[in-house]
Amino acid sequence: MLEKREVLDQITKIPSLHMHHAKPLLRWFLARGVDIRALKLDTAIAAYLLDPSDNRFVIGEVLSRYTNWVFPASQGAQSDQLDFGNEANDVSRRSACDALAINALLNPLNDALAKQGVKTLYYEVELPLVRVLAKMEHVGIAVNKKALTSINDHLIHEVQKLTGVLHGLAGREFNLNSPTQLREILFEERKLQPGKKTKTGFSTDAATLEKIRDQWPEFIDPLMRYREFEKLRSTYGEGLIQSVAKDGRIHATFNQMVARTGRLSSDQPNLHNIPVRSDEGKVFRTAFVPSDGNMFMVADYNQIELRCIAHLANDPGLIEAFTNSVDVHAVTAARVFSVETKDVTSAMRAQAKMVSYGLAYGMEAFGLSQRLAIGVDEATKILDAYFIAFPNVRRYMDETVAEARKRGYTVTLFGRRRPIPELNNPNFRIRQAGERQAMNSGIQGLAADIFKVALVHIDDQLSEANLESRVILQVHDEVIIEAPPHEREQVNDLVLAAMKNAASLSVPLEVNAAWGETWADAKA
DNA sequence: TCGGCCGGTCA
DNA sequence: CGTGACCGGCCGA
């Protein structure tokens, strides 16, 4: 009988491992000091890449999807089921089933990957990424719990004050967090003129409150501040404190099989939506800190999705803007509003920015008019002007939708597919939603692919250079590295180069990098 | 207890 | 009537 240590060491000597959903197991081994590098196939990840629209990746389902075999049903095995007799459904039986299933899936999955033309994407990007993510989860991110608690205490105080004020103004106590009870106060007792409706009644969301504010500003104003503070308190204050593990760090999970565009997602907790826009919210980022003696490097792509559009649409104006410009939104505004770049006002720039990003999401005149608070006719003019300035963008959008409808799926530059059956749905609204998804997935998907390549390369090159620095966190187009100060220059160069060179587009990939003592500090 | 809904945070 | 996510709270089943 081998000692436990020896068993773990034996694992590292296995040259080739095939697993289903390997990340949790890799992380389990990392917690015991074993870094498994031999993962050669992950059947769950393969199934995801083959069809990211599926959300069931348990091995039994993948097995029946890609082979003629099925897992034994609880009632008893049928002829073409994996059959281990009538033994109890215990762990060893289950493990044997898994092993057989993985083996049975090897060829079918590899064939399917080859047929879709995504073997490179799988073996060069998705598969190595599994271990990178396992390491990120294992290491986690350190949290200054005192700072976090103090932020939360402040929020509790503010929420309490505002609760008292609002109950006083309403004339009675009620649950401020209940849209139902809030509706009673606003629209029944106070007879405010309501805005838009939801499925269950009149809306009380921030945009609506803004519109009806003037009818009762002394209530609406503190209500909106209450909403802001209560959101920060419950989700980030209480939520993050709860998530801090015994080692003083937060170990979120980074899910590789959720987002239909190829992006990663984060949960338990979600570290992808830590506040940054409002002053009250972004203080949470001061509580995220490097391990003792280290610094944070934060590097993020500059407008990567717009650069993806420039490349995919092959639009001369957009490519020129990204190749030569220091301020693409200003250049876009100049072209859209037919003025000299130097004469672009901040309002024009903001509108141009909104148009650019809106396009990436398939936005139309109505949507633009809502966001810019202008008339639909004016929004139409702006969009028309945009498409005159950047004609290939419209052509790209049209062709992308047409091809996706014909094939039933979209394909990114790197070959990642996404089925969009809604494109042929008889329901107009559903079909239109499918069109927006089709327009967006090539863009968001390419950005995701590029970022994943960068992540794998960064991790690879950090080990290759024998550096202590390590990837801690990822937020779609941003990576956070924990680095000892003496590695700063080397890491800075390495990370920037890896990100810029992750793909070769017809526009350069620009990366901003900053160093600091907290996540909040490391902002360029 | 669970799931749908509302509202809100991020890229 | 802009894409992609996750989460806390409410509320009815």
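A, B, ... follow the sequence lines: proteins, then strands. Residue 1 opens every chain.
- Rounded to whole Å, the separation between the P atoms of dC5(B) and dC1(C) comes to 15 Å.
- Thr410(A) and Ser441(A) share a side-chain donor-acceptor pair at under 3.5 Å.
- With no hydrogens or angles considered, no side-chain donor-acceptor pair links Tyr48(A) and Asp42(A) at under 3.5 Å.
- When heavy atoms are screened at a 4.0 angstrom cut-off, Gly358(A) is found touching base atoms of the nucleic acid.
- Using cut-offs of 30° and 60° on the angle between ring planes, the pair His476(A) and His272(A) is tilted.
- Looking at heavy-atom distances under 4.0 Å, Asn255(A) makes no contact with the nucleic acid at all.
- For the pair Arg183(A) and Phe202(A), the cation-pi test (distance below 6.0 Å, angle within 45°) is failed.
- Side-chain atoms of Asn255(A) and Ser265(A) form no donor-acceptor pair, as typed in the model, at a separation below 3.5 Å.
- Near DNA chain B, defined here as any heavy-atom distance below 4.0 Å, there are no residues from residues 395-425 of chain A.
- The distance between the ring centers of His138(A) and His251(A) does not fall below 6.0 angstrom.
- Mapped onto DNA chain C by nearest heavy atom, Phe366(A) and Asp267(A) fall at different nucleotides, with Phe366(A) at the one closer to the 5' end.
- Taking the six-membered ring where the residue is Trp, Phe390(A) and Tyr386(A) present tilted rings, their angle falling between 30° and 60°.
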CA sep, side-chain torsions, deciding dist, call: Gln444(A), Glu305(A), side-chain hydrogen bond (donor to acceptor under 3.5 Å, both in side chains): CA-CA 6 Å; Gln444(A) 190 182 125; Glu305(A) 290 194 344; 4.6 Å; no
Base-contact (B) and sugar-phosphate-only (S) positions in nucleotides 5-11 of chain B, heavy-atom cut-off under 4.0 Å, - elsewhere: SSBBBSB
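- Where DNA chain C meets chain A (any atom under 4.0 Å from a heavy atom), the bounding nucleotides read 5' to 3' are dC1(C) to dC11(C).
- Thr208(A) and Asp205(A) share a donor-acceptor pair across their side chains, judged by distance under 3.5 Å alone.
- Remark: the Asp521(A) side chain and the Trp515(A) side chain contain no N/O donor-acceptor pair separated by less than 3.5 Å.
- Among the protein residues, Gln268(A) comes within range of the sugar-phosphate backbone only, with heavy atoms under 4.0 Å from sugar or phosphate atoms but none that close to a base.
- Within the 4.5 Å cutoff, the side chain of Leu372(A) has heavy atoms near those of the Ile382(A) side chain.
- In this structure, Gln370(A) reaches neither bases nor backbone, as no heavy-atom distance under 4.0 Å exists between it and the strands shown.
- As judged by a 4.0 angstrom heavy-atom cut-off over every strand, Ala360(A) is placed among residues making no nucleic acid contact.
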